[in-house]
Protein chains: 2
Amino acid sequence: MATNTKERILGAAEQLFADRGFPVTSMRDITQEAGVNLAAVNYHFGSKEALLIAVVKRTIEPVNRARLDQLDKLEATSGGLPVPTEHIVRAFLNPPFKKWCECGRNDPKFLKFLGRIHAEVDQELRAKFIEQFDTIDQRFSAAFQRSLPDLKPVEVHWRVLFLVGSMSHTMTWAESIIATDDQNQRDPEEILEALIQFAAAGMEAPVPKQATFITGGVVR
Amino acid sequence: MATNTKERILGAAEQLFADRGFPVTSMRDITQEAGVNLAAVNYHFGSKEALLIAVVKRTIEPVNRARLDQLDKLEATSGGLPVPTEHIVRAFLNPPFKKWCECGRNDPKFLKFLGRIHAEVDQELRAKFIEQFDTIDQRFSAAFQRSLPDLKPVEVHWRVLFLVGSMSHTMTWAESIIATDDQNQRDPEEILEALIQFAAAGMEAPVPKQATFITGGVVR
DNA sequence: GTCTATATGCGGATAGAC
DNA sequence: GTCTATCCGCATATAGAC
């Protein structure tokens, strides 16, 4: 059954890539974990790298679609006014964590894989990853800019980078922390709420003095 | 000259590990970049992994020492009162970025390597990395706890995770962004200030409702 | 679509001359 | 301390039978 094989490979690859990283996960590891033949990966995907791209797309697309849906709704009901910053942050962070909450036991490495995508260092791979985020980046940056009119565009961009950093680091390590550290037990929902509080406050931080008064003039 | 060879290897390894990641950087890459013989790595360090540990220590130790120094001074001059949150954040973020500002052209990959350390996924390697942060973690968590007495310890720990995330992601990507994105030009100093503003506001965010009222009772 | 067998290359590590 | 030559294993990928 071809479809089944393909799915099994995608699932196993997601788990192992998340856990160990892309370069150190061999196709033998993947096919063994998936219970399929070694040659199946090249037959179905063409190469190891093409498999990675497929896994990334499968993982990211629904999440990013949900993000845009939520942002669409927020903007549709705001009556032309800027959407509150915290709501934008929530629309950005909810989708990945929601899936974590729901199918935690089903797909335990989903979140970690998502976090790993943001930290991938290989130049070529990274280029293929970030193009998946082009629309997200534009839409959310624009929304943040409207909700934070006192900030210059540059400032918004850097704060979005900080936000993504706190998110991806949390996605990468939250499960290990919960699994090993008894003192820091929290439900996924609580972690998400804590992260939203942190990130929203960060986005809404007072306008930095230096950036306002020293660098003046050119706005974009 | 042995010492020189050792230094050259450490420098080249730092650059390449930062740029491409540990697993995909071969010893041949390193020795070629350093202009030394292939066998020199094993002679001086014993193995590729031991070399990585050496690079990590060389990179992290001065940074963490500076962090503790700054925190010591803050606490010594606070007269027993809690140190303001923003000052603690500053003591944590200043040292790595300061080195970036100073020797930017000298050691252009220093910051990226530092960021990569926090994102490393391999279990064994990560264990060796985080033990370098034990003291830092304890001291800064305690300081934050004193400056934010309304937060439960769990909450402080998670917020520190968010803080580290925004920091490491910024360290990993700041240079690429500055190098490629004309619209988001900023001096290292400005980026540091922006990050401090963001992180301090996040740490000082209002106590989350759910964590306060739903999870009650046990504090550690 | 699935499998076995294999081509081909690169990886870390080391033996032993200098 | 430094270098050459080499061992040996594992990686991806594919050819070709079923």
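Throughout, a chain's letter reflects where its sequence line sits, starting with A, and its residues are numbered from 1. Remember, predicted model here, so these are calculated numbers, not experimental data.
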Measure from [atom1] on [X] to [atom2] on [N] and round the result to the nearest Å.
| X | N | atom1 | atom2 | result |
| --- | --- | --- | --- | --- |
| A/Asn42 | D/dG16 | CG | P | 16 Å |
| A/Leu52 | D/dA11 | CG | P | 17 Å |
| B/Phe45 | D/dT2 | CZ | P | 11 Å |
| A/Arg8 | C/dG1 | CZ | P | 16 Å |
| B/Phe22 | C/dG12 | CZ | C1' | 11 Å |

message: For a quick test of reading the model: is some side-chain N or O of A/Thr5 closer than 4.0 Å to OP1 or OP2 of C/dT2?
response: yes

- request: Would you mind building the protein contact string for nucleotides 3-11 of chain C? One character per nucleotide, 5' to 3', B for base within reach (heavy atoms under 4.0 Å), S for sugar-phosphate only, - for untouched.
  value: BB------B

field: A/Lys48 NZ/CZ over A/Phe22 ring centroid, <6.0 Å and within 45° of normal
entry: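 A/Lys48 over A/Phe22 ring: yes.
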
task: Report the relative orientation of the aromatic rings in A/His118 and A/Phe133; use parallel for angles under 30°, tilted for 30 to 60°, perpendicular for over 60°.
output: tilted

- request: Hey, can you tell me if B/Trp173 and B/His169 have their rings parallel, tilted or perpendicular (30° and 60° cut-offs)?
  value: perpendicular

- prompt: A/Pro62 and A/Lys57: which non-hydrogen atoms are nearest, and at how many Å?
  reply: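 Heavy-atom minimum between the residues: CD-O, 4.2 Å.
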
query: When you measure from the side chain of B/Tyr43, which nucleotide among C/dG1, D/dT2, C/dT14 comes out closest?
result: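 Nearest listed nucleotide: D/dT2.
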
task: Flag the pair A/Thr170 / A/Phe97 as yes when at least one side-chain heavy-atom distance between them is below 4.5 Å, and no otherwise.
output: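 Touching, per the 4.5 Å side-chain cut-off.
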
query: side-chain contact (heavy atoms from CB on, under 4.5 Å) with B/Glu33: which residues, sequence neighbours excluded?
result: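 Once residues adjacent in sequence are excluded, the partners of B/Glu33 under the side-chain contact (heavy atoms from CB on, under 4.5 Å) criterion are B/Ala12, B/Leu16.
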
